[in-house]
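Small disclaimer: the values here were computed from a predicted structure and weren't measured. A note on names: the letters A, B, ... follow the listed sequences, proteins ahead of strands, and every chain is numbered from 1.
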2 protein chains.
Amino acid sequence: MQNSEALGLTAALLAVAGELTQRIHDGVVARGFEGRPAYGFAFTRLAPDGATVTELARHLGVTKQGASQLVEELVAKGYVERRPHPRDARARLVVLTERGWACTRAAEEAAAEVVEGWSGALGGEAEVRALREQLARIAPYGPIRPAW
Amino acid sequence: MQNSEALGLTAALLAVAGELTQRIHDGVVARGFEGRPAYGFAFTRLAPDGATVTELARHLGVTKQGASQLVEELVAKGYVERRPHPRDARARLVVLTERGWACTRAAEEAAAEVVEGWSGALGGEAEVRALREQLARIAPYGPIRPAW
DNA sequence: AAAGATGGTCAAGCAGCTTGACTATATGCC
DNA sequence: GGCATATAGTCAAGCTGCTTGACCATCTTT
C-alpha cells in the first residue's frame with residue numbers, strides 16, 4: 001500500500017465520522033433535545049450504572065475539571081443527576097435521569113436512520129455489519145478522543 | 001439492524017477516527033514538525049495547486065475568518081505562503097512551501113504506519129483496501145467537519 | 001456608471017477546554 | 001492508632017480556536 005492511499009483512507013474515515021456525528025446531532029435536535037455531540041459520548045459511559053467524574057474524564061480523554069464542567073451542564077439541562085457514591089464518600093455517582101435515557105434513545109434512533117442509509121450505498125445490511133465488525137477489530141480500548 | 005447496534009457502529013467508527021488522528025499527529029511531531037490535526041485537512045485542500053481562503057473555509061466547514069486565522073498560523077510556521085491570485089486581484093492564492101510539502105509527506109508516512117498495523121488486525125492488506133473502498137462509498141462530498 | 005456580490009482582514013466575544021490551587025476522604029505503612 | 005501520601009472533586013483564572021459584526025477592495029451585473 002502506498003503512503004498516499006493511507007491518507008485517502010484517513011480522509012474517507014474522518015469524512016464519514018464527521019458526517020455521522022453531524023447527522024446524529026441533527027436528529028437528536030429534531031427530536032426535541034438540545035445538546036452537543038460530546039453529550040452522546042458521555043451518555044454511553046454513564047448509561048449502564050452511572051460513573052464518577054474521574055471515570056468519565058478518562059473515557060472522554062479530558063481532565064476531570066473538564067468532565068466536571070460537562071456534568072454541570074448536563075445537570076442544568078436535566079439529563080443527569082449527582083448522587084452520593086455508595087462506597088466512597090469523596091466520590092459522587094453521576095447517573096442518567098429519565099430525560100437522559102430518552103435522549104439516548106433519540107440518539108440511537110438517529111444513528112439507526114443514518115446507518116440505514118448506508119445499506120443502500122454498500123449493497124445491503126450484511127455489508128454494514130461487516131463494516132461494523134472490521135471497525136470493532138481495530139478500535140482502540142483507550143479514551144474516545146475528538147477526531148481532530 | 002437494531003438501534004443499539006447503530007450506536008455501536010458509531011462508537012467504533014469514532015474511536016478508530018480519533019485514534020488514527022492522534023497517531024498521525026504523533027507521527028508528524030516525531031518527524032520534526034509542529035502543528036495540530038487541522039493542518040492536515042488544510043494541506044489536502046492546498047496540495048495540488050493551492051486554494052483561496054474562501055475555498056479552504058468551505059473545505060473545512062468553518063468561516064472564512066477562521067480559515068484566514070489558520071492560514072496566518074501556517075504562514076508563521078513556514079508551511080504555506082500567500083501569493084497574488086492570477087485572475088482575481090481581491091483574492092490571494094495560498095500555496096504550500098517546500099516545508100509544507102515535507103510535512104505532508106511526513107503525515108503520509110505516519111498514516112501508512114498506522115494503517116499497516118491494521119492489516120494485522122484485519123487479516124491482510126486486501127481487507128484494508130476493502131475497508132477503504134467501503135468508506136469511500138459512504139463518504140460525503142461536503143465539508144470536512146470535526147468529529148464532535 | 002451605479003448597485004450589488006464576493007474575497008479578505010481586523011476586532012471583539014465566547015465556548016470549551018486547560019493548568020494551578022485547594023478541601024475532603026481514602027489508603028498504605030510503621 | 002497515627003501519619004504520609006494518593007485520590008475525588010471543585011473553584012478560579014487563562015488560553016485556544018472558533019464565531020459574529022464591521023469594514024474595505026475588487027469583481028460582476030445591469
When you check the gap from the basic side-chain N to the acidic O, do B:Glu133 and B:Arg129 get nearer than 4.0 Å?
no

Residue list, salt bridge (charged side-chain N to carboxylate O under 4.0 Å, His left out) with A:Glu81, at least two apart or on another chain:
A:Arg83

Starting at CG of A:Leu93 and ending at P of C:dT25, how long is that distance when rounded to a whole Å?
18 Å

Which residues, if any, of residues 23-31 of chain A bring a heavy atom under 4.0 Å of DNA chain D?
none

Residues two or more places apart in sequence or in another chain: which of them pass ring-ring contact (aromatic ring centres under 6.0 Å, His included) with B:Phe43?
B:Tyr79

Do A:Leu13 and B:Leu20 have side chains that get closer than 4.5 Å, going by heavy atoms?
yes

Phosphate OP1/OP2 of C:dG8 contacted by B:Thr52 side-chain N/O (<4.0 Å)
yes

NZ/NE/NH1/NH2 to OD/OE distance under 4.0 Å, A:Arg92 and A:Glu55:
no

Rounded interatomic separation in angstrom, taking CG from B:Leu74 and P from D:dG17
11 Å

Would you please name every residue forming a side-chain hydrogen bond (donor to acceptor under 3.5 Å, both in side chains) with B:Arg23, sequence neighbours left out?
none

What is the distance, to the nearest angstrom, from the CZ atom on B:Arg92 to the C1' atom on C:dC10?
13 Å

Note: contacts of residues 63-70 of chain B with DNA chain D (heavy atom, under 4.0 Å) are B:Thr63, B:Gln65, B:Gly66, B:Gln69

How close do A:Val80 and A:Val71 get, counting heavy atoms only, and between which atoms?
CG2-O, 4.2 Å

Terminal axes of the helix from C:dA1-D:dT30 to C:dC30-D:dG1 (5 end pairs apiece), angle rounded to 10 degrees, sit apart by 30°

Separation of A:Glu72 atom CD from D:dA12 atom C1', in whole Å?
15 Å

Holding to side-chain hydrogen bond (donor to acceptor under 3.5 Å, both in side chains), I want the full list of residues that pass it with A:Glu34, two or more places apart in sequence or in another chain.
none

Go through D:dG9, C:dG16, C:dG7 for me and flag the one nearest to the A:Arg36 side chain.
C:dG16

Applying side-chain contact (heavy atoms from CB on, under 4.5 Å), can you list everything that pairs with A:Ala136, at least two apart in sequence or on another chain?
none

Output one line per pair: protein atom, nucleotide atom from nucleotides 24-28 of chain D, and distance, for all N/O pairs under 3.5 Å.
from	atom 1	to	atom 2	distance (Å)
D:dT26	O2	B:Arg90	NH1	3.4
D:dC27	OP1	B:Ala89	N	2.9

Could you pull out all residues at least two apart from B:Arg90 that satisfy side-chain hydrogen bond (donor to acceptor under 3.5 Å, both in side chains)?
B:Asp88

B:Glu55 has an atom CD; how far is it from atom C1' of C:dG7, in whole Å?
10 Å

Following the transitive rule for hydrophobic clusters with a side-chain heavy-atom cut-off under 4.5 Å over Ile, Leu, Val, Met, Phe, Trp and Tyr, establish whether A:Leu122 and B:Leu135 coincide in one cluster.
yes

Should A:Gln22 and A:Asp26 count as side-chain neighbours, where that means a heavy-atom distance under 4.5 Å?
yes

Taking side-chain contact (heavy atoms from CB on, under 4.5 Å) as the test, write out the residues that go with B:Ala89, two or more places apart.
none

Going by side-chain hydrogen bond (donor to acceptor under 3.5 Å, both in side chains), name the residues that satisfy it together with B:Arg82, two or more places apart in sequence or in a different chain.
B:Glu72

OP1 or OP2 of C:dT6 sitting under 4.0 Å from any side-chain N/O of B:Thr54?
no

Round to the nearest Å and state the distance from B:Arg82 atom CZ to C:dG8 atom C1'.
9 Å

Quickly work out the B:His85 NE2 to C:dT9 P distance and round it to whole Å.
13 Å

